[in-house]
Amino acid sequence: NGVLLIDEIYTGLHYSVMGDLWKLVVSTAVSSNVQVFATTHSLDCVRGLAWMCEHEAHLADQVSLQKIDPELKHAVALSAEEILIADQQHIEMR
């Protein structure tokens with residue numbers, strides 16, 4: 001019943017653990033009823049989120065990615081399915 005804010009969630013972590021990091025964060029948020037807002041500039045971190053969406057399908061509907069760009073009037077929201085497609089097509093999501 002709360003909110004967790006995490007700035008640069010990937011800092012200090014090896015790229016190989018990003019999928020497991022997201023699995024832990026999302027599953028803990030769901031079980032604790034906490035909404036998580038995490039920032040990143042890391043493509044490896046975003047790819048880890050895509051991996052989690054693909055391999056932990058039961059958690060995927062709990063995830064969205066918001067791309068914020070000063071040149072755009074509004075944030076671009078991506079669902080788990082769109083995150084996977086963008087990752088597979090090498091489309092910039094950061």
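Bear in mind the structure is a predicted one, so any value in this text is a computation, not a measurement.
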Separation between NE2 (His55) and CG (Asp20), nearest 0.5 Å, reads 11.0 Å
Is it the case that the side chain of Glu56 and the backbone of His58 share a donor-acceptor pair, with hydrogens and angles ignored and the cut-off at 3.5 Å? no
Quick one: pull up NZ in Lys67 and CD1 in Ile83 and give me the separation to the nearest 0.5 Å. 13.0 Å
Rounded to the nearest 0.5 Å, how far apart are CG of Leu65 and CG of Leu49? 6.5 Å
If you define the side chain from C-beta out and look only at heavy atoms, does anything of Val26 sit under 4.5 Å from Val63? yes
Under a 3.5 Å cutoff, is there a donor and acceptor pairing between the side chains of Thr11 and Glu8? no
With hydrophobic residues grouped by side-chain heavy-atom distances under 4.5 Å, do Trp22 and Ile85 end up in a single group? no
Check whether Thr40 reaches the backbone of Ser42 with its side chain - one donor and one acceptor, N or O, closer than 3.5 Å. yes
Any side-chain heavy-atom pair from Cys45 and Tyr15 closer than 4.5 angstrom? no
Tell me, do Asp87 and Met93 make a side-chain contact under 4.5 Å, heavy atoms counted? yes
Quick one: do Val30 and Leu24 end up in the same hydrophobic cluster if we chain Ile, Leu, Val, Met, Phe, Trp and Tyr together by side-chain heavy atoms under 4.5 Å apart? no
On a heavy-atom basis, which atom in Ala50 and which in Leu84 lie closest, and how many Å separate them? O-CD2, 3.1 Å
Minimum side-chain heavy-atom gap Leu4-Gln35 below 4.5 Å: no
Apply side-chain contact (heavy atoms from CB on, under 4.5 Å) to residues Leu43 and Arg94 and explain how you reach the verdict. CA-CA 7 Å; Leu43 183 56; Arg94 297 172 292 154; 3.7 Å; yes
Out of curiosity, Leu59 CG to Cys53 SG, how far, rounded to the nearest 0.5 Å? 8.5 Å
For the side chain of Glu82 and the backbone of Ser79, is there at least one donor-acceptor N/O pair under 3.5 Å apart? yes
Are Val46 and Trp51 grouped together when hydrophobic residues (ILVMFWY) are joined by side-chain heavy atoms under 4.5 angstrom apart? yes
Report yes or no: does Ser31 contribute a side-chain atom to a donor-acceptor pair with the main-chain N or O of Thr28 at less than 3.5 Å? yes
Answer whether the closest heavy-atom distance between the side chains of Val76 and Gln66 falls below 4.5 Å. no
Group every Ile, Leu, Val, Met, Phe, Trp and Tyr by side-chain heavy-atom contacts under 4.5 Å, then state whether Ile9 and Val17 land in the same group. yes
Any link between Met52 and Ile6 through a network of hydrophobic side chains (Ile, Leu, Val, Met, Phe, Trp, Tyr) touching at under 4.5 Å? yes
